[in-house]
Amino acid sequence: MLLGVYFISAGLYKIHAKLLYGGKIDLVTDGVYGLVRHPIYLGDILWPIGLSILFGAVCSLTLTPIWILFYLYTIDREKEALIKIDGDRYLEYKRRVKKLIPYVY
């Protein structure tokens, strides 16, 4: 659960100025974004899993695959937009950094 909160917090920290103050949107590739391309999504998958395990909520844990599929769909849509915006720079970042699981996927 705490790992999920870390990924969400660290991901938001890197982009919060852009979200809050409308700063120039630029591809973020450092910090937690150097570990995974979608740290906020990863965190939003991990913390409910941890919470479900902590409280023994098997019912909510069974919904996790649906949530993961939703994020995978969203990631694919974002990828298309980022390729249009950042082109080769995003494709290089995509080759270097995994989607959701550091060094794996």
Side-chain angles (χ1 to χ4, degrees):
M1 186 173 86
L2 293 176
L3 189 59
V5 171
Y6 166 76
F7 273 101
I8 292 170
S9 301
L12 286 173
Y13 176 77
K14 293 300 286 181
I15 64 171
H16 80 281
K18 295 172 187 175
L19 293 174
L20 291 176
Y21 308 116
K24 179 184 178 290
I25 296 178
D26 194 23
L27 186 63
V28 178
T29 62
D30 62 336
V32 73
Y33 287 89
L35 291 174
V36 290
R37 294 192 315 264
H38 303 279
I40 298 170
Y41 294 162
L42 173 60
D44 203 32
I45 290 168
L46 291 176
W47 80 262
I49 291 172
L51 199 61
S52 295
I53 292 169
L54 183 66
F55 290 108
V58 177
C59 181
S60 62
L61 194 57
T62 59
L63 295 174
T64 300
I66 295 169
W67 197 240
I68 291 170
L69 289 173
F70 167 76
Y71 274 132
L72 291 175
Y73 174 80
T74 303
I75 286 169
D76 281 344
R77 300 297 75 75
E78 285 183 7
K79 176 184 69 178
E80 293 168 8
L82 287 167
I83 290 171
K84 287 180 185 176
I85 294 168
D86 291 306
D88 289 339
R89 191 166 163 231
Y90 178 76
L91 292 173
E92 169 54 31
Y93 173 59
K94 184 177 172 283
R95 279 189 285 275
R96 247 183 334 105
V97 179
K98 299 298 182 184
K99 187 184 304 191
L100 275 175
I101 303 172
Y103 312 108
V104 178
Y105 176 74

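The figures that follow rest on heavy atoms only: side chains count, while hydrogens, waters and symmetry mates do not. Position 1 is the first residue of the sequence, and the numbers go up from there.
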I need the single residue from Asp44, Leu100, Val32, Val28 that forms a side chain to side chain contact (heavy atoms under 4.5 Å, CB included) with Pro39. Which is it? Val32
Tell me whether Ile68 shares a hydrophobic cluster with Leu61, the cluster being built from Ile, Leu, Val, Met, Phe, Trp, Tyr side chains joined at under 4.5 Å. yes
Does any non-hydrogen side-chain atom of Tyr93 lie less than 4.5 Å from one of Asp86? no
Find out if a path of hydrophobic residues (ILVMFWY) with successive side-chain heavy-atom gaps under 4.5 Å connects Leu42 to Leu63. no
Could you give me the CA-CA distance, side-chain angles and deciding distance for Tyr105 and Lys99, then say whether side chain to side chain contact (heavy atoms under 4.5 Å, CB included) is met? CA-CA 6 Å; Tyr105 176 74; Lys99 187 184 304 191; 3.3 Å; yes
For residues Ile40 and Phe70: do they belong to one hydrophobic cluster (side chain heavy atoms under 4.5 Å, members Ile, Leu, Val, Met, Phe, Trp, Tyr)? yes
With side chains defined as the heavy atoms from C-beta onward, is the minimum distance between Thr29 and Tyr90 less than 4.5 Å? no
When rounded to the nearest 0.5 angstrom, what distance separates CG in Leu54 from CD1 in Ile49? 13.5 Å
Within a reach of under 6.0 Å around CG of Leu2, are more than 12 heavy atoms found that belong to other residues, nucleotides or ligands? no
Aromatic Tyr73 / basic Arg77 pairing, under 6.0 angstrom, 45° off normal: yes
Over 12 foreign heavy atoms within 6.0 Å of OH, Tyr6: no
How about Tyr103 and Leu35: do any of their side-chain heavy atoms sit closer than 4.5 Å? yes
Would you give the length of the straight line joining atom CG of Leu46 to atom CG of Leu51, rounded to the nearest 0.5 angstrom? 12.5 Å
Pairs flagged by side chain to side chain donor-acceptor pair (under 3.5 Å) wherever residues 48-65 is involved - sequence neighbours left out: Ser52-Ser60
Ring-plane angle category for Tyr71 and Trp67, please: parallel below 30°, perpendicular beyond 60°, tilted otherwise. perpendicular
Can you name the nearest heavy-atom pair linking Val97 to Tyr33, along with the distance? CG1-O, 3.7 Å
Above 12 or not: heavy atoms from other molecules or residues under 6.0 Å from CG of Asp76? yes
Hey, any chance Trp47 and Leu72 share a hydrophobic cluster, counting ILVMFWY side chains that come within less than 4.5 Å of each other, even indirectly? yes
With Arg89, which of Leu82, Leu27, Ile83 fulfils side chain to side chain contact (heavy atoms under 4.5 Å, CB included)? Leu27
Which value, rounded to the nearest 0.5 Å, describes the distance between His38 atom NE2 and Ile45 atom CD1? 10.5 Å
Using the rule that two of Ile, Leu, Val, Met, Phe, Trp, Tyr join whenever any of their side-chain heavy atoms come within less than 4.5 Å, decide whether Val36 and Leu91 are in one cluster. yes
Kindly indicate whether the side chain of Val104, heavy atoms from C-beta on, has any atom under 4.5 Å from the side chain of Lys98. no
